[in-house]
**Q** 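I'd like to ask you about the structure that follows.
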2 protein chains.
Amino acid sequence: MSTNLSTMPDFIYDNRLYYNPMEFALHFIGGTWKMPILWRLNKKMMRYSELKKTLPHITHKMLSSQLRELEGYGLIERKAYPVVPPKVEYTITDKGRDVIPVIETISQYGYTIMKEKGISIEGHKAEKVQVNKNN
Amino acid sequence: MSTNLSTMPDFIYDNRLYYNPMEFALHFIGGTWKMPILWRLNKKMMRYSELKKTLPHITHKMLSSQLRELEGYGLIERKAYPVVPPKVEYTITDKGRDVIPVIETISQYGYTIMKEKGISIEGHKAEKVQVNKNN
DNA sequence: CTGAATCCTTCACGATACTG
DNA sequence: CAGTATCGTGAAGGATTCAG
């Protein structure tokens, strides 16, 4: 990449000022929930309730709003079946798949510093691990 | 990596609950300023005022507090010279260099979606570019 | 030149209740 | 089952002032 971040001009998109591409990227995929959602949809199409189940801590409101935003950005697709009770399926799009490398890189770094700080995730037993700060 | 994000247990570090490695990583390098600062210090050691100059929009308070946090995480080092007026130099550490791949990946994705949305950065002339939403 | 402290605004996110 | 609306809270970040 030849563009130099140090001399990067600001730019305005949709009435909001950005200082650099990183900030711009994180506007679309940042926050607590967007990447975890994309990660799951990258594995398979999922229904609303299914997503809710695999994101134990997300609230109803957040899941709903985050899905709506991701759909607006063209990162996921929503297919609603006109049945009762309602059935809605979410899938990742090609544009959505572009963020998978970002997720993988950040996750990997996350694992790195977790190891540094002595946080271990033993297999898949979903225990809550308590770790103290000292590093 | 064999660990499955879908079944990842929560963990607590320094009295704060995290749901996954991504969230953990972004606790240390997230926010508006930490990655831009690390990116600059990766190129060369810089003084406080120098950093301030190349980060046109950061406020005095933010630069100060972000430097202190990064130092606390061991991502940068602070060398103060007992002269008057004060002279302080900041350098990136080996731990700090670990986040460079993250910065590069996110930046690259940022450039990708900027292009998608028709935002062009022509060379290094620091003009403010105005772009409307329609994509 | 470098840095700390105070006050204030904005916004992400959670809790809860209501709907077809 | 899927979704919206309202209200409240905390944290991030900006403006400003004081200081060695």
Side-chain angles (χ1 to χ4, degrees), chain A residues 10 14-20 22-23 26-37 40-41 45-73 76-91, chain B residues 10 13-20 22-24 26-37 40-41 45-73 76-91:
Chain A
D10 315 331
D14 195 19
N15 259 347
R16 201 184 173 295
L17 175 65
Y18 299 92
Y19 302 146
N20 54 58
M22 252 178 307
E23 199 189 353
L26 288 178
H27 173 75
F28 293 97
I29 61 171
T32 310
W33 300 113
K34 293 204 180 69
M35 287 193 274
I37 291 172
R40 279 158 183 76
L41 292 183
M45 151 187 299
M46 290 178 97
R47 296 185 58 171
Y48 181 92
S49 49
E50 227 176 328
L51 270 170
K52 185 90 174 59
K53 230 179 302 174
T54 64
L55 292 164
H57 298 284
I58 198 169
T59 63
H60 193 29
K61 172 198 166 182
M62 286 314 293
L63 179 52
S64 193
S65 67
Q66 300 304 293
L67 286 172
R68 212 111 352 282
E69 281 185 50
L70 290 171
E71 189 194 359
Y73 300 151
I76 66 172
E77 244 177 28
R78 178 180 186 275
K79 237 175 295 182
Y81 297 87
V83 298
V84 38
K87 175 178 170 182
V88 181
E89 285 177 343
Y90 291 93
T91 50
Chain B
D10 314 330
Y13 179 78
D14 195 19
N15 259 347
R16 200 186 173 297
L17 175 65
Y18 298 91
Y19 302 146
N20 54 58
M22 253 179 306
E23 201 190 352
F24 190 60
L26 288 178
H27 173 74
F28 294 96
I29 61 171
T32 309
W33 301 112
K34 292 205 180 69
M35 288 192 274
I37 291 172
R40 278 158 182 76
L41 292 182
M45 149 188 300
M46 290 177 97
R47 297 185 55 174
Y48 180 91
S49 49
E50 227 176 327
L51 270 169
K52 184 88 175 60
K53 229 179 304 173
T54 64
L55 293 163
H57 298 284
I58 198 169
T59 64
H60 191 29
K61 171 198 167 182
M62 286 316 291
L63 179 53
S64 192
S65 67
Q66 300 304 292
L67 287 171
R68 215 117 341 291
E69 282 184 49
L70 289 171
E71 189 194 359
Y73 301 151
I76 66 173
E77 243 176 29
R78 178 181 186 275
K79 237 174 294 182
Y81 297 87
V83 297
V84 39
K87 175 179 169 182
V88 181
E89 286 176 343
Y90 292 93
T91 50

**Q** Restricting to side-chain hydrogen bond (donor to acceptor under 3.5 Å, both in side chains), what partner residues turn up for A:Glu50, sequence neighbours left out?
**A**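 Result, side-chain hydrogen bond (donor to acceptor under 3.5 Å, both in side chains) vs A:Glu50: A:Lys44.
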**Q** Give B:Arg16 one of three labels, base, sugar-phosphate or nothing, depending on what nucleic acid heavy atoms sit under 4.0 Å from its own.
**A**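 Result for B:Arg16 = nothing.
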**Q** Strictly by salt bridge (Lys or Arg N to Asp or Glu O under 4.0 Å), give each pair with a member in residues 61-73 of chain A just once, sequence neighbours left out.
**A**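 Pairs touching residues 61-73 of chain A that pass the test: A:Lys34-A:Glu69, A:Arg68-A:Glu71.
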**Q** When the C1' atoms of the five terminal pairs at each end define the local axes, what inter-axis angle does the helix from C:dC1-D:dG20 to C:dG20-D:dC1 show, to 10 degrees?
**A**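 The end-segment axes of the helix from C:dC1-D:dG20 to C:dG20-D:dC1 are tilted 30° relative to each other.
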**Q** Would you mind reading off the distance between A:His27 atom NE2 and D:dG13 atom C1', rounded to a whole angstrom?
**A**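 Atom NE2 in A:His27 sits about 17 Å away from atom C1' in D:dG13.
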**Q** Looking only at the side chain of A:Pro86 (C-beta and beyond, no hydrogens), which of the listed nucleotides D:dC1, C:dC13, C:dG3 gets closest?
**A**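 Of the options given, the side chain of A:Pro86 lies nearest D:dC1.
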**Q** Given C:dG14, C:dT2, C:dC1, identify the nucleotide with an atom nearest to the side chain of B:Arg78.
**A**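 Given the options C:dG14, C:dT2, C:dC1, the side chain of B:Arg78 is closest to C:dT2.
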**Q** Under the ring pair (Phe, Tyr, Trp, His ring centres under 6.0 Å) test, which residues partner B:Phe28, sequence neighbours left out?
**A**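 In terms of ring pair (Phe, Tyr, Trp, His ring centres under 6.0 Å), with neighbours along the sequence ignored, B:Phe28 is linked to B:Phe24, B:Tyr73.
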**Q** A:Glu71 has an atom CD; how far is it from atom C1' of D:dT4, in whole Å?
**A**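 Going from A:Glu71 (CD) to D:dT4 (C1'), I get 15 Å.
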**Q** For A:Leu67 and D:dG3, give me the distance from atom CG to atom C1', rounded to whole Å.
**A**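 Answer to the nearest Å: 11 Å.
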**Q** Could you tell me whether B:Tyr90 contacts a base, only the sugar-phosphate backbone, or nothing, with contacts defined as non-hydrogen atoms closer than 4.0 Å?
**A**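 Since only primed, P, OP1 and OP2 atoms lie under 4.0 Å of B:Tyr90, the category is sugar-phosphate.
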**Q** Can you see whether B:Tyr13 has B:Arg16 sitting over its ring - NZ or CZ less than 6.0 Å from the centre and within 45° of the normal?
**A**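 No, a cation-pi geometry is absent between B:Arg16 and B:Tyr13.
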**Q** Without decimals, in angstroms, what is the distance between A:Leu63 CG and D:dC1 C1'?
**A**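 Roughly 12 Å, once rounded to whole Å.
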**Q** Look at the side chain of A:Thr59 and decide which nucleotide, out of C:dC13, C:dA15, D:dC1, has an atom nearest to it.
**A**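 Per side-chain heavy atoms of A:Thr59, the pick is C:dA15.
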**Q** Among residues at least two apart in sequence or on other chains, which ones pass side-chain hydrogen bond (donor to acceptor under 3.5 Å, both in side chains) with A:Glu89?
**A**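 A:Glu89 satisfies side-chain hydrogen bond (donor to acceptor under 3.5 Å, both in side chains) with A:Tyr81 once adjacent residues are dropped.
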**Q** Could you tell me the separation between the OH atom of A:Tyr48 and the C1' atom of C:dG20, rounded to a whole number of Å?
**A**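 In whole Å, C:dG20 C1' lies 15 Å from A:Tyr48 OH.
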**Q** Tabulated below should be each protein N or O lying under 3.5 Å from an N or O of nucleotides 4-6 of chain C; please produce it.
**A**
{"unit_1": "C:dA4", "atom_1": "OP1", "unit_2": "B:Arg68", "atom_2": "NE", "d": "3.3"}
{"unit_1": "C:dA4", "atom_1": "OP2", "unit_2": "B:Ser64", "atom_2": "OG", "d": "3.4"}
{"unit_1": "C:dA4", "atom_1": "OP2", "unit_2": "B:Arg68", "atom_2": "NE", "d": "3.1"}

